[in-house]
Amino acid sequence: MPKPEEEKFRFPEFGELLKFGSVYFFVALIELQAKLSATPAWFNGTLDGNHRLLLAFQYTNNEQSRLLQFYIPEAFVRLLGLSVINAYILQRWLFVFLALWCFHAYLRKWFDVRLAFAGVMSLAAVMPLSYFNDLQESSPLLLLTFLLGLWAIREHRTGWYMLILAVGAINNETMLFVPSVYFFYGFNGMKWKRLGRLALATLATSLPAFLLVGAIRYLNRDRPHLGPVWQLPGNIEGLLGQLKSSPLDYWGASYFYIFFIFNALWVFAFLKYARKPLFLRRAALMIPLFVLGHFLTGRIHEVRQMVPLSFLILPMAFFYLFPAPQEQRQVNLEESGC
């Protein structure tokens, strides 16, 4: 059951992490198999060719500017003697496993071990919808750093937040949405003095990450984008076009996947909003910015872009689906007319 909001976070015991980590290790392997089965480009020479182009800084943006996406596998190649294909396999397996494992620990602030496990398995259940024949291999580390960034903000670990944000931004610029959570969570009224201090703190803590991304983009300014930067017309056309299809064809309606990936949980996450913990209520203000940003500049049918929102949508929905005992008693009284 959800824990009281005021309860301080206590890291799960080692035995719990070991027990459930052994499950998540193999769940990450299952996720790896699903991704590889959907990605012929992994084995037909495309991945190996892309990797060589990335190392030579001859590839397209935004991939070329996501340095850790290709430098981490290159480190595995050089240090462990792996092939390029196996280095990318190790990267995906490792970071998906760590993301699942850390998500369990992150959820334990609010939920007991059963619901923490259910939350992780819910994430694992929806992730295969995001797999298709693409080689966007910054996604696994993005999952981990996005989660750790939220965690650091929630626990007021400013130093860790700055480090995680900077490392995550070198891997994928989507991390630059996280400072909005820092601002929203720190908001404490409309007094100009307080607001000014918060704005300065938000800017100061996020500036290293923005400067790193800016410098990398400047160095790669001659690299063309793979597709148009402005994607709104194509996204609208795709949604309207697939709206005309038969419901029996919706399984392949990729522009609808943004709704399917969290399905009813999109709604449940915002029902009884006032009863959610303060961090989730404030962090949720980032969700419209996140969705709108990707709708304007991303191909929305690539629903992998929405997966980092799992770390907010799932716990928020769980507070509605599994109310605390005192909340359930109030619901029962309301339904009985007392």
Side-chain angles (χ1 to χ4, degrees), residues 1-32 34 93-130 140 143-144 146-155 260-284 287 306-335:
M1 287 300 169
K3 297 180 176 183
E5 181 180 348
E6 64 273 8
E7 184 172 337
K8 292 183 178 180
F9 176 75
R10 290 179 296 178
F11 209 80
E13 293 181 358
F14 177 77
E16 177 183 330
L17 291 175
L18 181 62
K19 179 168 56 177
F20 287 94
S22 66
V23 176
Y24 302 145
F25 180 82
F26 288 100
V27 171
L29 178 61
I30 294 169
E31 296 289 343
L32 174 65
W93 190 1
L94 173 64
F95 290 136
V96 170
F97 162 64
L98 290 176
L100 297 176
W101 199 30
C102 290
F103 190 34
H104 179 102
Y106 167 86
L107 289 172
R108 290 288 275 121
K109 181 179 179 74
W110 301 305
F111 305 107
D112 65 19
V113 67
R114 293 166 295 178
L115 286 184
F117 180 68
V120 176
M121 298 307 288
S122 296
L123 170 58
V126 302
M127 283 176 63
L129 188 67
S130 70
L143 268 186
L144 179 61
F146 203 92
L147 170 63
L148 294 180
L150 293 175
W151 193 343
I153 293 171
R154 187 188 71 182
E155 302 303 322
F260 297 166
I261 192 165
F262 298 126
N263 47 82
L265 299 177
W266 277 117
V267 178
F268 296 158
F270 292 93
L271 293 178
K272 298 185 178 179
Y273 185 77
R275 298 186 183 182
K276 318 289 184 186
L278 178 64
F279 173 77
L280 291 176
R281 296 200 309 270
R282 296 289 183 82
I287 294 174
M306 296 296 111
V307 177
L309 293 182
S310 302
F311 307 128
L312 299 176
I313 296 293
L314 290 175
M316 291 175 69
F318 274 28
F319 271 96
Y320 172 76
L321 292 170
F322 308 101
Q326 63 272 19
E327 293 178 354
Q328 187 61 57
R329 285 196 297 271
Q330 183 62 33
V331 169
N332 294 336
L333 288 173
E334 292 170 356
E335 291 178 347

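For this chain, numbers begin at 1 and follow the sequence in order.
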Checking side chain to side chain contact (heavy atoms under 4.5 Å, CB included) for the pair F146/L312: CA distance, chi angles, key distance, verdict?
CA-CA 11 Å; F146 203 92; L312 299 176; 5.6 Å; no

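In plain terms, the two heavy atoms of L107 and P315 that are nearest each other are CD2-CB, 3.9 Å. The minimum heavy-atom distance linking I313 with A269 is given by the pair O-CB, 3.8 Å. Residues A99 and L143 approach most closely at CB-CB, 4.1 Å, considering heavy atoms. Across every non-hydrogen atom of V96 and P140, the tightest pair is CG2-CB, 4.1 Å. The two residues F318 and S122 make their nearest non-hydrogen contact at CZ-OG, 3.9 Å. The minimum heavy-atom distance linking P12 with L17 is given by the pair O-CD1, 3.9 Å.
Within the 4.5 Å cutoff, the side chain of L123 has heavy atoms near those of the V307 side chain. Using a 4.5 Å heavy-atom cutoff, the side chains of V120 and F20 are not in contact. With a 4.5 Å cut-off on side-chain heavy atoms, F279 and L150 count as touching. Between F97 and L32, every side-chain heavy-atom pair lies at or beyond the 4.5 Å cut-off. Side-chain contact between L321 and F268 is present, with at least one heavy-atom pair separated by less than 4.5 Å.
Under the 30°/60° scheme for interplanar angles, the aromatic rings of Y273 and F270 are found to lie parallel. Using cut-offs of 30° and 60° on the angle between ring planes, the pair Y106 and W110 is perpendicular.
At least one donor-acceptor pair under 3.5 Å links the side chain of K276 to the backbone N or O of L271. Using a distance-only test at 3.5 Å, with no hydrogens or angles considered, no donor-acceptor pair links the side chain of W93 to the main chain of A28.
For the pair R114 and F322, the cation does not sit on the ring face, since its NZ or CZ is not both under 6.0 Å from the ring centre and inside 45° of the axis.
Taking CG from L100 and CE from M127, the interatomic distance works out to 6.0 Å, rounded to the nearest 0.5 Å. For the atom pair CG of L148 and CZ of F103, the computed distance is 12.0 Å after rounding to the nearest 0.5 Å. For the atom pair CE (M306) and CG (L129), the distance works out to 12.5 Å, reported to the nearest 0.5 Å.
The stretch residues 11-22 participates, sequence neighbours left out, in these side chain to side chain donor-acceptor pair (under 3.5 Å) pairs: E16-H104, E16-R108.
Atom CH2 of W101 has 12 or fewer neighbouring heavy atoms from other residues, nucleotides or ligands inside a 6.0 Å radius.
The aromatic ring centres of F111 and F319 sit less than 6.0 Å apart.
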